[in-house]
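Here is the structure we will look at, set down as structure tokens.
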Amino acid sequence: MIIAVDGPTASGKGTIAKRLAEHYGLPHLDTGLLYRAVGRQVAIDGGDANDPDDALAACDFDDALLDDEILRSEEVGGLASRVSVHPRVREALFQRQRAFATQPGGAVLDGRDIGTVIAPEADVKLFITASVTERARRRWLEMIDKHIGDEDDIPLSEIEQDIVRRDARDISRADAPLRAAPDALIIDTTSFDREQAFEVVLEAVENCLK
Ligand code: DC
């Protein structure tokens with residue numbers, strides 16, 4: 001069984017995908033991490049994330065980089081969003097994601113184009129979303145929780161602007177833009193806490209599998 005979980009940044013799709021994988025005993029791939037590794041590698045190489053050649057060269061990153069906590073930072077998220085617009089980068093990362101999706105027994109993948117490009121045949125396609133304000137609030141709480149800063153030095157408005165910029169780049173790129181597959185279940189988690197969101201998702205998945 002393949003479960004595709006797509007959605008914008010900070011929508012909660014990663015947590016939901018991880019919990020679905022645990023629930024169904026399936027392996028999970030956070031595909032955003034691959035783009036983050038490319039973005040980080042470009043920075044290590046002293047390249048420019050907007051340059052398609054620099055970004056393509058960075059697709060050769062060492063897998064050990066995937067365990068580096070720095071990949072989770074906002075800065076690397078921005079670089080990932082930049083490198084992900086280049087079609088040759090998407091092509092370079094395609095096979096790895098496709099192989100993961102089609103492994104025997106199935107898998108859960110989360111990202112932006114899983115239901116549309118990586119695994120259009122997925123048994124379940126979810127598109128997880130939430131309002132910009134709520135996503136910014138969640139990201140803000142997460143940053144405070146991880147001691148990345150305190151309430152006074154992380155302006156919520158800046159996080160909100162960053163999310164709007166990232167959404168715009170992910171939605172408007174020509175190749176595999178962020179978009180719900182026509183047959184995806186769209187779940188808006190704005191008014192749910194983590195537990196409620198997972199309950200709603202699980203019920204939707206179970207209905208879909210009936
Ligand atoms: O999910 P995330 O925030 O870790 O993703 C970081 C960036 O990577 C995101 O802004 C766009 C890109 N991405 C993508 O283009 N396709 C995917 N399947 C996953 C992520």
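Separating the CG atom in Asp45 from the CZ atom in Arg40 is a distance of 10.0 Å, to the nearest 0.5 Å. In this structure, CG on Leu65 lies 5.0 Å from CD1 on Ile44, to the nearest 0.5 angstrom.
By the 4.5 Å heavy-atom criterion applied to side chains, Glu160 and Val132 are counted as neighbours. Using a 4.5 Å cut-off on side-chain heavy atoms (C-beta onward), Ile163 and Thr9 make contact.
Annotation: salt bridge (Lys or Arg N to Asp or Glu O under 4.0 Å) contacts involving residues 92-113, sequence neighbours excluded, comprise Asp63-Arg96, Arg90-Asp113, Arg98-Glu121, Arg112-Asp170. The stretch residues 175-186 participates, sequence neighbours left out, in these side-chain hydrogen bond (donor to acceptor under 3.5 Å, both in side chains) pairs: Lys125-Asp183.
Side-chain N or O atoms of His86 include one that pairs as donor or acceptor with a backbone N or O of Ala49 at under 3.5 Å. Side-chain atoms of Ser131 do not come within 3.5 Å of backbone N or O of Thr190 as any donor-acceptor pair.
Here the rule is side-chain contact (heavy atoms from CB on, under 4.5 Å) with Ser81, and of Arg36, Arg173, Arg166, Arg165 only Arg166 fits it.
Using a cutoff of 4.0 Å between basic side-chain nitrogens and carboxylate oxygens, Asp30 and Arg72 are scored as salt-bridged.
No more than 12 heavy atoms of other residues, nucleotides or ligands lie within 6.0 Å of CD in Glu75, so this atom counts as exposed by the packing criterion.
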Full working for salt bridge (Lys or Arg N to Asp or Glu O under 4.0 Å) between Arg135 and Asp167: CA-CA 11 Å; Arg135 287 189 282 138; Asp167 280 357; 2.6 Å; yes
Test log, rule side chain to side chain donor-acceptor pair (under 3.5 Å), inputs Arg138 and Thr189: CA-CA 11 Å; Arg138 290 177 192 170; Thr189 67; 3.1 Å; yes
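Partners of Glu158 under the side-chain contact (heavy atoms from CB on, under 4.5 Å) rule, at least two apart in sequence or in another chain, are Pro155. Every residue meeting the salt bridge (Lys or Arg N to Asp or Glu O under 4.0 Å) condition with Arg19, not counting sequence neighbours, appears here in chain and number order: Glu195. For Asp53, the side chain to side chain donor-acceptor pair (under 3.5 Å) test picks out Arg88, with sequence neighbours left out.
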In a table with atom names and distances, give each donor-acceptor pair under 3.5 Å that connects a side chain of residues 197-206 to protein atoms at least two apart or in another chain.
| unit_1 | atom_1 | unit_2 | atom_2 | d |
| --- | --- | --- | --- | --- |
| Glu206 | OE2 | Tyr24 | OH | 2.5 |

